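Okay, structure first, notes after.
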Amino acid sequence: MTTIDRVLGAGIERIDGPAKVRGSAPYAFEQDPGEPITHLALVQSTINRGRITRLDPSAAEATPGVLAVLTPANAPRLSGELTADLPVLQSLDVHYQGQVVAAVVAETSEIARAAVGGVRVEYAAEEPDVTLRADRPDLYAPAQVMAGFATDSVIGDVDGALSTAAVTVDATYETPAQHNNPIEMHTSMARWDGDSLTLWDANQGPHTIQRDLMTAFGLTAGQVRVISPYVGGGFGSKAFAHPHQILAAMAARVVGRTVVLELTRQQMFSLVGHRTPTIQRVRLGADSEGRLTAISHEVVEHTARIAEFAEQTATATRVMYAAPHRRTTHRLARLDVPPPTIMRAPGETPGMFALESAMDELAHTLGIDPVELRIRNEPPRDPERDVPWSSRSLVECLRTGAERFGWAGRDLRPGVRTDGRWLVGTGVAAATYPSRRRKADCRISVDGRGRYLVEIDGSDIGTGTWTALTQIAADALHVGLGEVELRIGDSRLPFAGGAGGSTGLASWGSAVVLTARQLRARLESLGGQPPPDGLTVDGGVPGPSPHAEQYSMHSFGAHFVEVRVDADTGEVRVPRATSVYAAGTIANATTARSQFLGGFCMGLSMALHEESLQDEHFGHFVNHDLAGYHIATNADVGEIDISWLDEEDPWVNELGLKGIGEIGIVGAAAAVANGYWHATGRRIRDLPLTPDKFFR
Ligand code: MOS
């Protein structure tokens, strides 16, 4: 599968690279709607909870260049089926700080933003409730958690097994709220032609956004077109519609002109979701040889009062290790916060920080190498569903990573190595992510000269879809890359789900392969030659793999890091890391490496920096820009050795491809925190590992 003479798997450079470099791959704001653009600016609530008592837009309306000021009093009525934060300007109630309470449309963005100051808003504020604690009396169990997982899973007698275990760990881990910060701000440009809406938009799946706009305005699919060929990053916050898309469309309808709304970086800290903070109690019981007898992982997290978002934080714990007695639970607090959303591996990312930290603590308690501890607890079958793995290569990832990193001979004792004033340690953690496939339609046409056109509403959010999907198509059609033209990122194209849940290439690729097979069969029946006026075939995949019930399908990985902590300042450095993955077929070696590397770096960023701080009294996220919300930069990233195993999985999908957008982040923060402990002897159980925590 990895030989270079095949198109599939080869490290082909991004085919959209030249356009990106030349500035001719337009983001939403750079699209040409065919007429002069007007601009939208937002008035946002300054309270977390309460009601608007007075709203006077007259000074803003009188500003030259202002076309309209939308308020709850005059905004068009939207469908009552909209939920969460999507019914914008439909009520005087305020549910979170930063909620849109009015919007100004003007000839220029400068005029619109200046006129925002001319909208007077007064509120009757109530005390907001914004603090997550594990002992809140109002925690509740949601009906299920995200991605359809059960809220609780209990097998055996966990408390009994813990009370009789030879060795136990009982520790509570905390992860903070975090915010998605793709480089391209969330942007929507809306134009109406009669009753038809066109939206040039930065998102992870045009069909997903189209559906909410159809609902909001009571339109058919044929009346809403969402166009998003190039997107500047999206880690989950661009997966679903947020208020700005509805607002842009609403404003364009009111003024009868094209309207663009580009959120500011600061607005992205209240209007496009965040990763919920978590408090996670993990208890492990083991025999004296390190075989787990009990695993308990109890999660407390928050959601918004106006929307239930139940992150599946403990679900990775259901597949990682063997143990006869097992319990995973999720409880939510409803707070006066904006609705949380997904952020790269929602669930697995915070959950595996806790589980993989606890495994490290158990290894220390037992005096066993943490790699060996994991290998001893490798489950031969899915330990909760009791079905075989479609493929599982965690042990090989651990062994290969240990070899590449130079793990052998590591001193188990923490806090005993120094290099000048640096305390030096190494850490390991495992990674996992589910492999899923979703429904996707596809159309492939061949013209009389043997040129192929592949149409599917896939998304490239910087992941490499343009290139990898072209490779998959060429491979399946048995033609060269140059004979395939791909079209993605437009809701007029055949239906496909968005770039999310690491399902993109697995789903779109499967649809392309099956459609290509149909087309080749038709061509063969015609003697191998396309008819002069060409041929078109519609195909696709209906949904999950037909083997998804019989097998447990996941990718796995292992991270090894070296951590250095400055004994005088508490500064943390990660000079080198090794990550090894097993994710089935790799479609493009170059863009895959980028995905794995990017995921790991985001985990490093989570370990060292990322934390959205809430003001306990006013409730808002205080550090709402890139000056206050720190993200790892090049200077934080040392030498990172990325590799993957050849893994064949005949069950996951037509390509044997497991999806790689998220696994890189999973477990990375635990590896760093484990290395920090090994360097310093101090166990930090609440991320991030900021210098102050070294001194507390
Ligand atoms: Mo990803 S958090 O599933 O967009």
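When a ligand or atom number is given, it counts from 1 through the structure's own listing order. Since the structure is predicted, the reported quantities are computational estimates derived from the model, not experimental observations.
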Kindly determine whether I665 and M602 satisfy side-chain contact (heavy atoms from CB on, under 4.5 Å), including the steps that lead there.
-> CA-CA 6 Å; I665 190 176; M602 203 163 162; 3.8 Å; yes

For atom 3 (O) of ligand 1, find the nearest protein heavy atom and state the residue, atom name and distance (0.1 Å precision).
-> G501 N, 2.5 Å

Please determine which of H609, E611, R275 meets the side chain to side chain donor-acceptor pair (under 3.5 Å) test together with Q178.
-> R275

Test item: W508 and S459 side chains (from C-beta on) under 4.5 Å apart, heavy atoms = yes

Counting from 1 in the order shown, the ligand 1 atoms closer than 4.0 Å to a non-hydrogen atom of P346 are 2 (S)

Assess E662 for proximity to ligand 1: is some non-hydrogen atom of it under 4.0 Å away?
-> yes

Can a salt bridge be assigned to the pair D336 and R305 using a cut-off of 4.0 Å between side-chain N and carboxylate O?
-> yes

Go through ligand 1 atom by atom and flag the ones less than 4.0 Å from a non-hydrogen atom of R344.
-> 2 (S)

What are the atoms of ligand 1, with element, lying closer than 4.0 Å to any heavy atom of G236?
-> 2 (S), 4 (O)

Side chain, backbone, both or neither: which part of S502 has a heavy atom under 4.0 Å from ligand 1?
-> neither

For atom 2 (S) of ligand 1, the closest protein heavy atom turns out to be F235 O, 3.0 Å

Below 6.0 angstrom between ring centroids: does that apply to H302 and H274?
-> yes

What pairs of residues pass the salt bridge (Lys or Arg N to Asp or Glu O under 4.0 Å) test when at least one of them lies in residues 490-512, not counting sequence neighbours?
-> R225-D490

What residue and atom, counting heavy atoms only, is the protein's closest point to atom 4 (O) of ligand 1, and at what distance?
-> Q204 NE2, 2.9 Å

